[in-house]
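Report on the structure given below.
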Amino acid sequence: MLDIKFIVDNVDWVKKSLGKKGFPAEKVDELVQTFYDMNKLKTSSQSLAEEKNKLSNSIKSASNEERPAIIAKSKEVGEQFKAEQEKLSELEAKFNDMMLRMPNYPSEDSPEGPDDSANVVSRKVGELPHFDFTPRDHIELMEINDWSEMERIAKVSGSRTYAIKNDLAQLELAIHMMVMDKLRANGFTLITVPAISKEKPLYNQGYLPFARDEIYYMPADDIYLSGTAELILNSLRADEMLTEAELPILYAGFSPCFRREAGAAGKDTRGLVRVHQFFKTEQFVICKNDIEESEKWHKKLLQISEEVLQDLELPYQVLEVCTGDMGAPKYRQYDLEAWVPSQNCYRETHSCSNITEWQARRTNLRYRANDGKVRFCHTLNNTGIATPRALVPFIENHQQADGTVRIPAKLQPYMGGKKFIGKNAK
RNA sequence: GGAUAGAUGGCCGAGUGGUCGAAGGCGCACGAUUGGAAAUCGUGUGUACCCCUAAAGGGUACCGUGAGUUCGAAUCUCACUCUAUCCGCCA
């Protein structure tokens with residue numbers, strides 16, 4: 001959510017800036033007009049309230065003769081007040097809804113463009129693999145190594161689910177353990193969080209009202225399944241009054257994640273790339289309201305994720321996401337994409353975002369600054385690692401001619417010292 | 001699932017129909033005192049919004065949430081949410 005005062009004072013700039021995200025300028029005008037209408041009504045209903053209060057207060061000291069007339073007058077003013085209030089709350093509801101749909105403004109130096117075609121590759125890191133044999137895709141590798149139960153689990157749990165076993169199951173957990181250790185070494189608090197959430201946190205995060213189709217909902221309990229630990233961590237400190245001294249707060253959140261993938265019909269239907277349920281270790285930062293500070297943390301989060309991919313010895317590229325592709329909450333977004341040999345392209349493994357104060361305003365995530373003022377925090381989030389998707393580039397890049405998969409040195413301690421996994425591994 | 005108790009400011013806590021935005025304490029800020037500190041004393045200290053502003057000022061709302069009673073609600077009524085404790089069940 002943006003600051004309405006900021007919008008009103010900078011209408012043209014806001015139109016231009018949100019326009020980069022495809023947000024129509026007319027909606028900014030409509031919002032501003034609604035705000036003015038609302039204030040006008042507020043002013044008139046407040047003076048009615050004032051009159052009503054004055055009358056009420058005078059009743060106690062009034063004489064018995066005066067009293068009935070004052071009560072009658074007060075009743076009348078009360079009726080008028082009530083009518084104005086009803087109009088006002090309608091207008092307020094409209095205004096609040098518009099505010100919730102207003103995206104964050106993107107950074108001035110984010111690339112501009114309508115969709116992912118305008119994303120900019122800012123660098124590529126690591127050598128692409130050269131195979132002196134015909135490489136297999138991850139599905140084939142899972143089959144020959146007895147690593148999965150993909151057909152059977154589809155019968156039990158439906159499409160876009162996965163069951164992996166043996167060394168691959170161990171690998172999935174080992175990668176998370178490795179990432180959690182790295183995050184702890186960087187000062188993050190490891191925290192495991194629920195995969196279920198009430199509705200309000202979804203608005204806080206900025207997932208609602210934008211993407212209801214993407215979220216699993218359980219009506220019997222009026223509860224939602226979380227698509228990411230970011231959802232939970234963003235609201236964990238909601239409505240508290242933090243102090244500047246306790247910032248930044250760094251969370252490494254681990255949770256199952258659920259996504260309906262409603263808009264992805266036909267995409268990545270086979271294998272581990274896009275599934276309804278997965279595990280993610282998430283990086284989440286709450287810092288003070290200072291763009292230099294949050295940009296610093298944004299870079300830091302990116303660096304940590306790059307190190308993760310480097311430790312996993314995966315070739316990757318860093319994408320600077322353009323204004324049209326970055327989504328409503330974001331001020332600046334980097335994506336990391338790891339090389340997937342069978343698809344001959346890079347696929348997203350990490351998404352690193354600076355949300356500035358947009359999320360904190362919705363969440364009422366505040367702190368008392370050293371100068372005594374209350375400010376909204378800045379929040380940032382980035383994937384630590386998400387599996388099973390990360391396993392796809394992993395086993396494809398590290399595959400050997402005999403179908404085994406090499407384990408990079410940094411990961412070996414988490415795999416019981418194994419250097420290779422697979423049926424033919426010794 | 002059953003039964004009780006509770007929800008008030010940055011924190012603790014008083015307040016059962018009217019000058020209550022809310023006593024008192026803690027914390028915090030500033031000042032006095034001090035060679036400096038502690039202790040002590042004094043003063044100040046909520047959030048959001050509206051009007052008016054050069055500044056000051058005035059007003060409205062907010063005591064878990066929502067509705068209701070009343071001229072008037074932190075206080076009374078109803079519903080809901082959440083928290084704590086006990087019992088039951090349970091990975």
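In what follows, every chain begins at residue 1, and chains take the letters A, B, ... in the order their sequences are listed. Keep in mind that what you see is a predicted model, and the values were worked out from it rather than measured.
Across B:C71, B:U60, B:U47, the shortest atom-to-atom separation from the side chain of A:R366 is found for B:U47. Proximity note for A:A49 (side chain, C-beta onward) versus B:C71, B:C50, B:U60: the nearest is B:U60. Distance from the side chain of A:K42 is smallest for B:C49 among the nucleotides B:U60, B:C49, B:G72. Across B:G72, B:G18, B:G10, the shortest atom-to-atom separation from the side chain of A:I59 is found for B:G18. Here B:U60 is the nucleotide among B:G72, B:C51, B:U60 with the atom lying nearest to any side-chain atom of A:Q46. Across B:U47, B:C50, B:C71, the shortest atom-to-atom separation from the side chain of A:K75 is found for B:C71. Nearest nucleotide to the side chain of A:N53, out of B:U47, B:U60, B:C71: B:U60. Proximity note for A:V374 (side chain, C-beta onward) versus B:U60, B:G10, B:U47: the nearest is B:U47. Nearest to the side chain of A:K198, among B:U47, B:U60, B:C82, sits B:C82.
The residues A:E246 and A:R237 are annotated as salt-bridged, a charged nitrogen and a carboxylate oxygen being separated by less than 4.0 angstrom. A salt bridge between A:K15 and A:D29 is present, with a side-chain N of the basic residue lying under 4.0 Å from a carboxylate O of the acidic one. Taking a cutoff of 4.0 Å between a charged side-chain nitrogen and a carboxylate oxygen, A:R212 and A:E199 qualify as a salt bridge. A salt bridge does not link A:K423 to A:D146: none of the charged side-chain nitrogens sits closer than 4.0 Å to a carboxylate oxygen. A:R101 has a carboxylate O that lies under 4.0 Å from a charged side-chain N of A:D97, or vice versa, which qualifies the two as a salt bridge. Between A:E357 and A:R375 there is no salt bridge, since none of the side-chain N atoms of the basic residue sits less than 4.0 Å from a carboxylate O of the acidic one.
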Reading RNA chain B 5' to 3', how would its secondary structure be written in dot-bracket notation, given Watson-Crick and G-U pairs with both distances under 3.5 Å, brackets [ ] for crossing pairs and | for partners on other strands?
-> ((((((((.[[[..)..(.....]]]((((((.......))))))((((((.....)))))).[[[[[..)....]]]]])))))))....

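Put simply, the side chain of A:E214 gets close to the backbone of A:E261: a donor and an acceptor are under 3.5 Å apart.
A:S56 comes within 4.0 angstrom of a nucleotide base, judged by non-hydrogen atoms across all strands. If you check every strand for non-hydrogen atoms under 4.0 Å, A:N57 touches nothing. Across all strands, A:F35 comes closer than 4.0 Å only to sugar-phosphate atoms, never to a base (heavy-atom distances).
The P atoms of B:G6 and B:U16 are separated by 14 Å, rounded to the nearest whole Å. For the C1' atoms, the distance linking B:U60 with B:G2 amounts to 45 Å, nearest Å. Atom C1' of B:U77 sits at a distance of 7 Å from the matching atom of B:U69, rounded to the whole Å. For the P atoms, the distance from B:G46 to B:G21 is 15 Å, rounded to whole Å. The separation of B:A7 from B:C62, taken at their C1' atoms, amounts to 16 Å, rounded to a whole angstrom. The P atoms of B:U8 and B:C63 are separated by 12 Å, rounded to the nearest whole Å. Comparing the C1' positions of B:U83 and B:G64 gives an interatomic distance of 10 Å, to the nearest angstrom. With both ends at atom P, the span from B:U70 to B:G15 equals 28 Å, rounded to whole Å.
Two residues, A:K373 and A:K5, neighbour RNA chain B, and the one matched to the more 5' nucleotide by heavy-atom proximity is A:K373. When each of A:G78 and A:M241 is assigned the nucleotide of RNA chain B with its nearest heavy atom, A:M241 is the one assigned upstream, toward the 5' end.
Distance A:D239 CG to B:C82 C1': 12 Å, rounded to the nearest Å. Distance CD (A:E84) to P (B:G59): 20 Å, rounded to an integer number of Å. Rounding to whole angstrom units, CE of residue A:M38 and P of B:U60 are separated by 19 Å. Taking atom NZ of residue A:K73 and atom P of nucleotide B:U70, one finds them 20 Å apart after rounding to whole Å. Going from atom NZ of A:K54 over to atom P of B:G58 covers 12 Å, rounded to whole Å. Following rounding to the nearest Å, A:D3 (CG) and B:C49 (C1') show an atom-to-atom distance of 12 Å. Spacing between atom CZ of A:R368 and atom P of B:G9 amounts to 13 Å, rounded to whole angstrom units. Across the protein-nucleic acid pair, A:N39 atom CG and B:C52 atom P stand 11 Å apart, rounded to whole Å.
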When you look at A:Y162 and A:W147, which way does the ring-ring contact (aromatic ring centres under 6.0 Å, His included) test go after all the steps?
-> CA-CA 11 Å; A:Y162 72 104; A:W147 277 345; over 10 Å; no

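Checked by atom type, the side-chain pair A:E282/A:Y251 shows no donor-acceptor distance below 3.5 Å.
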